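This report refers to the structure that appears directly beneath it.
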Amino acid sequence: MAETTLEKKTFLSVENLLVQYKLSGETVYAVNNVSFTVAKGTTLGLVGETGAGKTTIAKAILRILPDHSLKGISGSVVFDGKDLLKLPETEMRSYRGKNISMIFQDPMTALNPVKTVVDQIAEGIALHQNMNKANARIKAIEMLETVGISADRADEYPHQFSGGMKQRVVIAIALACNPDLLIADEPTTALDVTIQAQVLDLISSLQQKLGTSMILITHDLGVVAGTCDAVAVVYAGEIIEYGSKEDIFDHPMHPYTVGLFGALPDLKKNVNRLSPIVGLPPDPTVAYTDSCPFAERCPHVAPQCREKKPHNAEVSQGHFVRCHLAGEIAGKAAP
């Protein structure tokens, strides 16, 4: 029998990750004791509203959080047997780009405007694979052709490319050294629907070809359905539901997850308006230690939700939910 996503060998394990920023004398609780795993060759989707802490989780794994505003970081990020948070910076640099790469959200700001695209790809190759400039350039051109950009455009600058082509260059940079883990931070947000599909197909085919694992950050549940093996739903810096794609899509148990599916348009239903989640995300400068951060927006809120923080309970094998009323809500949910 083929092994399931959650049974495959874990090679990235994030445990009790906590990240806090400092802002005008206040503490911003960006990530609050987040834990998850990524199995070899699989894709984990991080979904949730803007400001939930998804990008901070990704940057914490790579240790590229801004020093000027970072107040503290704790927990562990064990990658292939080593805790990345405990490595000296000189050793951590050898992991970035080589073992772990990131596709940043905006290709306009991710690329250097005064360097040709081939030089930007070749730079990482020369550094991590000990190649001379000539061989690194050859490999960089091969990567451009792999992502669908012809060699005759290698010496052009980012401003000479469309948005979709820039994103392809960023993907080429991220995959140039055959990383074990790819972190894709909303890689299709700035692209039109047709180009989105092309970019996602490209990432998926390269991932399968290279055997790369991936963490995909997105708002689009349709992208998650077509790309991911496991899903972590992030709210107020916490993972409030985690499981296989089938668990989350077929049996959502947290009211926030149910609300996300409820807000999607359904072509089978004749309705005048969508059903959004009422209210706004909570203030990130407030530490929710004695209550559920979703309580003020939850249609099922009960007294215990405001009096006690829910534990992360395993409701079925590999399916975790942080909610006092998960069992009751499960019977009513229908995505």
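As the structure is a prediction and not an experimental result, all values here were calculated from the model.
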Can you confirm whether [X] sits close enough to [Y] that some side-chain heavy atom of one is under 4.5 Å from a side-chain heavy atom of the other?
X	Y	answer
Asp119	Tyr157	no
Met165	Val117	no
Ile61	Phe79	no
Arg297	Pro281	yes
Leu111	Phe161	no
Cys228	Leu216	yes
Ile100	Leu84	yes
Tyr288	Asn32	no

Does [X] use its side chain to pair, donor to acceptor, with the backbone of [Y] at less than 3.5 Å?
X	Y	value
Ser204	Leu200	no
Ser213	Ala39	yes
Ser35	Asn16	yes
Lys139	Ala176	yes
Asp229	Thr43	yes
Lys245	Val231	no
Arg63	Leu87	yes
Asp83	Val77	yes

Are [X] and [Y] connected, step by step, through hydrophobic side chains (Ile, Leu, Val, Met, Phe, Trp, Tyr) whose heavy atoms are closer than 4.5 Å?
X	Y	result
Leu65	Met102	yes
Ile64	Leu46	yes
Ile121	Leu127	no
Tyr29	Leu23	no
Leu62	Leu70	yes

Closest heavy-atom contact between [X] and [Y]?
X	Y	result
Met214	Thr227	CE-CG2, 3.8 Å
Thr212	Pro179	OG1-O, 3.2 Å
Ile173	Gln120	CD1-CB, 4.1 Å
Pro255	Cys298	CG-SG, 3.5 Å
Ala174	Ile103	CB-CG1, 3.8 Å
Gly48	His219	O-ND1, 3.0 Å

With a cut-off of 6.0 Å (strictly less than), are more than 12 heavy atoms of other residues, nucleotides or ligands near [atom1] of [X]?
X	atom1	value
Lys166	NZ	yes
Lys308	NZ	no
Met131	CE	yes
Lys309	NZ	yes

**Prompt:** Pick from Ile171, Val169, Val170: which one makes a side chain to side chain contact (heavy atoms under 4.5 Å, CB included) with Pro107?
**Reply:** Val170

**Asked** With Thr56, which of Val28, Ile73, Val31 fulfils side chain to side chain contact (heavy atoms under 4.5 Å, CB included)?
**Response** Val31

**Fill in**
Across all chains, not counting sequence neighbours, the ring-ring contact (aromatic ring centres under 6.0 Å, His included) partners of Phe294 are Tyr235, His254, Tyr256

**Prompt:** Ala302: what forms a side-chain contact (heavy atoms from CB on, under 4.5 Å) with it, not counting sequence neighbours?
**Reply:** Gln304, Cys305, Leu325

Do [X] and [Y] pair up side chain to side chain, a donor and an acceptor below 3.5 Å, judged on atom types alone?
X	Y	answer
Asp185	Thr55	yes
Asp220	Thr218	no
His251	Glu246	no

What distance separates [X] [atom1] from [Y] [atom2], expressed to the nearest 0.5 Å?
X	Y	atom1	atom2	result
Thr42	Gln207	OG1	CD	8.0 Å
Lys71	Leu18	NZ	CG	10.5 Å
Met143	Ile138	CE	CD1	15.0 Å
Arg153	Glu145	CZ	CD	13.5 Å
Ile183	Phe104	CD1	CZ	8.5 Å
Met92	Asn99	CE	CG	9.0 Å

Inspect the contact between [Y] and [X] and indicate whether a charged nitrogen and a carboxylate oxygen are less than 4.0 angstrom apart.
X	Y	value
Asp155	Arg137	yes
Glu89	Arg96	yes
Asp180	Lys40	yes

**Request:** Would you check, one step at a time, whether the test side chain to side chain contact (heavy atoms under 4.5 Å, CB included) holds for Phe261 with Leu221?
**Result:** CA-CA 8 Å; Phe261 284 109; Leu221 290 171; 4.0 Å; yes

**Prompt:** With sequence neighbours excluded, what pairs up with Thr289 under the side-chain hydrogen bond (donor to acceptor under 3.5 Å, both in side chains) test?
**Reply:** none

**Prompt:** Hey, what's the ring geometry for Phe320 with Tyr242, parallel, tilted or perpendicular (30° and 60° as the breaks)?
**Reply:** tilted

**Asked** Please walk me through it: do Ile248 and Glu241 pass side chain to side chain contact (heavy atoms under 4.5 Å, CB included)?
**Response** CA-CA 8 Å; Ile248 303 302; Glu241 187 161 5; 3.5 Å; yes

**From CA spacing to verdict: side chain to side chain contact (heavy atoms under 4.5 Å, CB included), Lys98, Gln129** = CA-CA 8 Å; Lys98 181 180 180 181; Gln129 298 188 357; over 6 Å; no

**Asked** Between Leu17 and Leu85, does a side chain to side chain contact (heavy atoms under 4.5 Å, CB included) hold up when you go through it step by step?
**Response** CA-CA 10 Å; Leu17 179 65; Leu85 298 186; 4.2 Å; yes

